[in-house]
Trainee: 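Right, I'll just put the structure down here and ask away after.
Just so it is clear: chains get the letters A, B, ... in the order the sequence lines come, proteins before strands, and each one is counted from 1.
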Number of protein chains: 2
Amino acid sequence: MEFHLNGFRPGDPRDHRRRASAPAPQPLPSTTDVLIVGCGPAGLMLATQLAKIGDISVVIIEEKTGPIELGQADGISGRSLEIFQALGFEERVLKEAYFLQAITFWNSDSDAPERLVRRYKKPDGRTVYSQFPHVVLNQARVHDFLLESMARSPSELTPHYGVKLADLQIQTGNPQASHPVLATVTAQIPGADNDSGALSSIQAKYVVGCDGARSTVRRHLGIALEGDAANSSWGVMDLLALTDFPDVRMKSIIQSSHHGNIMIIPREGGHLLRIYVELAKLKEGARLSRDNVSVEQLIDNIKKILSPFTFEVKEIVWWSVYEVGQRLARHFDSRHLSSEEADHPHGFIAGDACHTHSPKAGQGMNISMHDAFNLGWKLAAVLQGRSPPTILHTYTKERRRIAQELIDFDRELAELFSASTGEETSDDAGSPLQQALLRADGYVSGTLNTYGTSLLTSQPTMDNPPINLQIGKRLSSLVLARLADARPMHLSEALTADGRWRLILFSDDASPAQPTSRLRTLANWLADNEASPLLRTQEPRKDIDAVIEVLTVLQAGYETLEFKDFPDLLWPSRGTLKLRDYNKLFCPQSSALHPFDHFGIDRSLGCAVIVRPDQHVAACFALDDTEAIQAFFDHCLRYRS
Amino acid sequence: MEFHLNGFRPGDPRDHRRRASAPAPQPLPSTTDVLIVGCGPAGLMLATQLAKIGDISVVIIEEKTGPIELGQADGISGRSLEIFQALGFEERVLKEAYFLQAITFWNSDSDAPERLVRRYKKPDGRTVYSQFPHVVLNQARVHDFLLESMARSPSELTPHYGVKLADLQIQTGNPQASHPVLATVTAQIPGADNDSGALSSIQAKYVVGCDGARSTVRRHLGIALEGDAANSSWGVMDLLALTDFPDVRMKSIIQSSHHGNIMIIPREGGHLLRIYVELAKLKEGARLSRDNVSVEQLIDNIKKILSPFTFEVKEIVWWSVYEVGQRLARHFDSRHLSSEEADHPHGFIAGDACHTHSPKAGQGMNISMHDAFNLGWKLAAVLQGRSPPTILHTYTKERRRIAQELIDFDRELAELFSASTGEETSDDAGSPLQQALLRADGYVSGTLNTYGTSLLTSQPTMDNPPINLQIGKRLSSLVLARLADARPMHLSEALTADGRWRLILFSDDASPAQPTSRLRTLANWLADNEASPLLRTQEPRKDIDAVIEVLTVLQAGYETLEFKDFPDLLWPSRGTLKLRDYNKLFCPQSSALHPFDHFGIDRSLGCAVIVRPDQHVAACFALDDTEAIQAFFDHCLRYRS
């Protein structure tokens, strides 16, 4: 899709009108289940996830007076696209985004340093880690999709803009209090002085600070930020330009021996460019801001580094400067505040409020959204009485390690960027920076993040566990054929972000019609046994799959299998009309890898894989190990009986 | 995507609110370039295409008071999805639709006629004819996408609902008259008697009747409908049901020896069913309507045919009855009215106004949209002064043959449906009906339609024409890698429906940097020679590619090629900022078939393929045959100089 040819315009490129008018301000409720502070990627992801799960009241406030239109983050990892798929709008991102498919490295010619030489031009290595590519799209558009998704949910959720957090307390001493969070906010009056707004208060069961690097929630929760600023500084800009640099539509890192480094990231629409330009060699020591660095300086630096190629800027869309700093919050929740909070925390922070780092790895928006995607379903499960509050402890445990990895990676990258000139590069090995970038492909795809053992993530217990299925990682997807209609689809399409657990049964080799079938035996136990977690979580007049959905992956093709041979539980009656659900059974797709080979599952025995509501693998058990299945859910679910 | 579980709800399944409020009625303009009568698939496709091309005023009127929500057509062919891609919304259809991937045939057991036996369960054969599958989605949703696409265009086009055509004249005797069409319309007053509306008149340059089988435009243009009604009758319904018929989520044709035939088409959302039920054996002779056939009769018939399987209806969403009739309009335009109209027709009909037939082949909505897609760009080209009015003659010539083929196919199918019980079926050959259905896969995909020789479609002239590239057919697509960014994309993604011609240059085997390169020589001729159709069509201050866009397909991979080796014309400066367009050159994608093999092009010579604005191949010439390229465009374009 081509856009921005005649200059940048914000909004939906397929809509001539581009921007819908801002929603009319709604009155602020005085109580809510979850108060979210901040409308960045973390806050909007959390609000969208809660809106999709439903039955939870959410208030999301934002200091700014409306959605952003320009600049900021743009990299979207394969894992983020998987999450967008779980929320139902991945295809819109794919339609608009630039795809990172190739990468080039350039540096000064050691014999003639006034020349630049291309050292590397190859496919981007990230495409193998997810069914989705790594893409690039304006953060504003990601916000748009999340905002639209929230607004279209049954709660028709929209943010309250121009509302600033003034005070925040978590009231302790009364563990029975239903809404221990007391927030005081000021609603800005458009056009008036920033602090002139009327005070009002909101009581909430939980508060989540998604309010960025200078988080007010973090300050009120008394959470320290650890780490320090590094000494390199960068400028960043979105622009339209004319150049004879040949790889301007590929991600390119150019290291000049005398003038520093730039990174070019082509952007959506066919013309826009994001450029990161090193400033350390421009200004030593002093603190940088837009006040003491001009955009002309940035462009001048780009021209020097790109020389002898020409570079003529036609339009500057957005620019900023930053110092590379790596800081990490000591806690991601309020458990340090009191013993009550230690048991059942009511305050959380997510996204940049937890971790600050350079944008160079293209990870900020992604990791922030992943934080929220980890937290949202846990809050919902506790609010709905489906899980004990102890599951909330796993949020810090799981996400702080990812944040630490990110910061370590960013520090390594920043040092290599600033230290390396690329002159040492040979075509085969690449410079240390180039090697580090290539090594990081898997990490940057976001699909290798692994959550450690907890009550949500079991230790491996099987004798012969599937060799390609790692507990704690998100379930890797593959193309299957749906039994009912032979539709080729990714397994991930069935794992929607609706707060449900999935129990995926990989069948054994017996016919499902036979009493010897382990699949049949387990399905019968799940349907009938009083210890079945499905029965024990089923609410009156709700479907059997409302808390745990059972999906089945079979070994044979759809042509040879019959629904009548499968226990009812595997294609249950659902909804107010009690229609049969034919869409829970999957077969191998003839043109794709067999799913049992994809995961390394023993075809004679099969297995049962428990997948968390955030698509991470929680456990893997033998099909006949009902005890282990029962024990796992006993720990993380609250039963009705 | 699951929806309709708890009953059918119209509108966008991803929007809880489902239906946007109807747009406020706009005042009817008194003059317009194109008056479109009718908001069915043909009218909306035509309006959308004209809105996308731009600079053309359009008024589209519809008798009904608003968009449809229920019933009617549902089959969407691969070719229709290709057209949706050219309009920019194919991914939304793919997200919601049911995919026809498998087909089953059942009939009575000859030994025990009270039993049904499955004779056939196999992949649907249509998947090989297009990069898109054949899908099924409510016509109302297709309308929604077209309506949204129009509304988002620069003209922000919306239909005028509740407006009925009362009179229509094409004023002859004054060939200089700019708006020879005079239409009188009545605007309905909501709630008032149907004919009580105020009269007003609209003068238009062209009128297109997309007003269905009982077309008022057709009547006013004096066009006869030829053919007659066949004697079989069918009921059709959309419903939610419980059944133990095992293939209820696959397209299934069930032929019962004593009770007639039904066809089950599963629908979007996982639960909805479309069922066609034969009524001929229920009621002989008499004319059928919803007045003398009850929905209970239809359901009773379904139950008898499906017996011994159970069938319990939970909700009836929509139903109708029809007699299978095949009629074809003698003309598709107004050329028969006068000698002036014979030269330059100003009235047209499209869609069901031209051809009526049964819905069984799932072709009605598709062929209607294809009619409009054939006509729209031609009207636009004449209105914009880019082509002579004689190109309008090709509309009837090209589309009437397609309509005749459709009617012949429908007649064959209807006879086989009614005559055949399927008892003669053996597993290997299938019944005559089943064989006819399988034979028709290519036809039904819509991608094999071929337009005969005309001033828009040249006769083959090359000595060694590409063996897999048929002039007159739509260009078959394949995956390529874009030179600039290595993005894998279908060639069809570059052929947007913007009214432009494409000249696709398949390179010869010389380096494009060498003077011996035929590609370079042709590009230089196109850029510099006074006979170049690009130069002769270029308007002041418009881009060189505004009327004819040159795309290039190369033989080598992106890693080995450099932009500087290609003439400027192949990556020209465009737009108000004069940015370079890097997106017009394509390479083979390593994991896909080589494009030269896909089309059967001689790698030593390459070739130049002219593609019409509707994606049909107009001509194929040798790269050095500038004379033929010039002669082709001389006939169908009007030059500025």
Trainee: Using a 4.5 Å cut-off on heavy atoms from C-beta on, say whether the side chain of A/Phe105 contacts that of A/Arg118.
Mentor: no
Trainee: So which part of B/Pro123 gets closer than 4.5 Å to some heavy atom of chain A, the side chain, the backbone, both or neither?
Mentor: both
Trainee: Taking side chain as everything from C-beta outward and backbone as N, CA, C, O, which of these in A/Lys121 sits under 4.5 Å from a heavy atom of chain B? Side chain, backbone, both or neither.
Mentor: both
Trainee: Is A/Ala494 close to chain B through its backbone or its side chain, or both, or neither, when contacts mean heavy atoms under 4.5 Å?
Mentor: neither
Trainee: Side chain, backbone, both or neither: which part of A/Pro154 has a heavy atom under 4.5 Å from chain B?
Mentor: both
Trainee: Could you go through B/Trp106 and B/Tyr120, starting from their C-alpha distance and side-chain angles, then the distance that decides it, and tell me whether this counts as ring-ring contact (aromatic ring centres under 6.0 Å, His included)?
Mentor: CA-CA 7 Å; B/Trp106 292 71; B/Tyr120 187 96; over 10 Å; no
Trainee: Please flag which part of A/Glu148 lies under 4.5 Å from any non-hydrogen atom of chain B: side chain, backbone, both or neither.
Mentor: neither
Trainee: Given heavy-atom pairs under 4.5 angstrom as the criterion, report whether the side chain, backbone, both or neither of A/Glu2 touches chain B.
Mentor: side chain
Trainee: So for A/Leu100, is it side chain, backbone, both, or neither that comes closer than 4.5 Å to the heavy atoms of chain B?
Mentor: neither
Trainee: Highest number of heavy-atom pairs under 4.5 Å with chain A: which of B/Arg482, B/Arg92, B/Glu90?
Mentor: B/Glu90
Trainee: Applying salt bridge (Lys or Arg N to Asp or Glu O under 4.0 Å), name anything that partners A/Glu559, two or more places apart in sequence or on another chain.
Mentor: none
Trainee: Can you tell me how far CG of B/Leu94 sits from CG of B/Leu137, rounded to the nearest 0.5 angstrom?
Mentor: 10.0 Å
Trainee: By salt bridge (Lys or Arg N to Asp or Glu O under 4.0 Å), which residues pair with B/Lys578, not counting sequence neighbours?
Mentor: none
Trainee: Take B/Asp124 and B/Lys251, measure what salt bridge (charged side-chain N to carboxylate O under 4.0 Å, His left out) needs, and give me the verdict at the end.
Mentor: CA-CA 9 Å; B/Asp124 190 285; B/Lys251 176 178 172 179; 5.4 Å; no
Trainee: Among B/Pro246, B/Gly88, B/Ser149, B/Ser155, which has the most heavy-atom pairs under 4.5 Å with chain A?
Mentor: B/Gly88
Trainee: Is the cationic atom of A/Arg487 (NZ for Lys, CZ for Arg) positioned less than 6.0 Å from the six-membered ring centroid of B/Phe99 and within 45 degrees of its normal?
Mentor: yes
Trainee: Examine whether an atom of A/Glu315 lies under 4.5 Å from a heavy atom of chain B, and if so say whether it belongs to the side chain, the backbone or both; otherwise answer neither.
Mentor: side chain
Trainee: Tell me, side chain or backbone of A/Asn583 under 4.5 Å from chain B's heavy atoms, or both, or neither?
Mentor: side chain
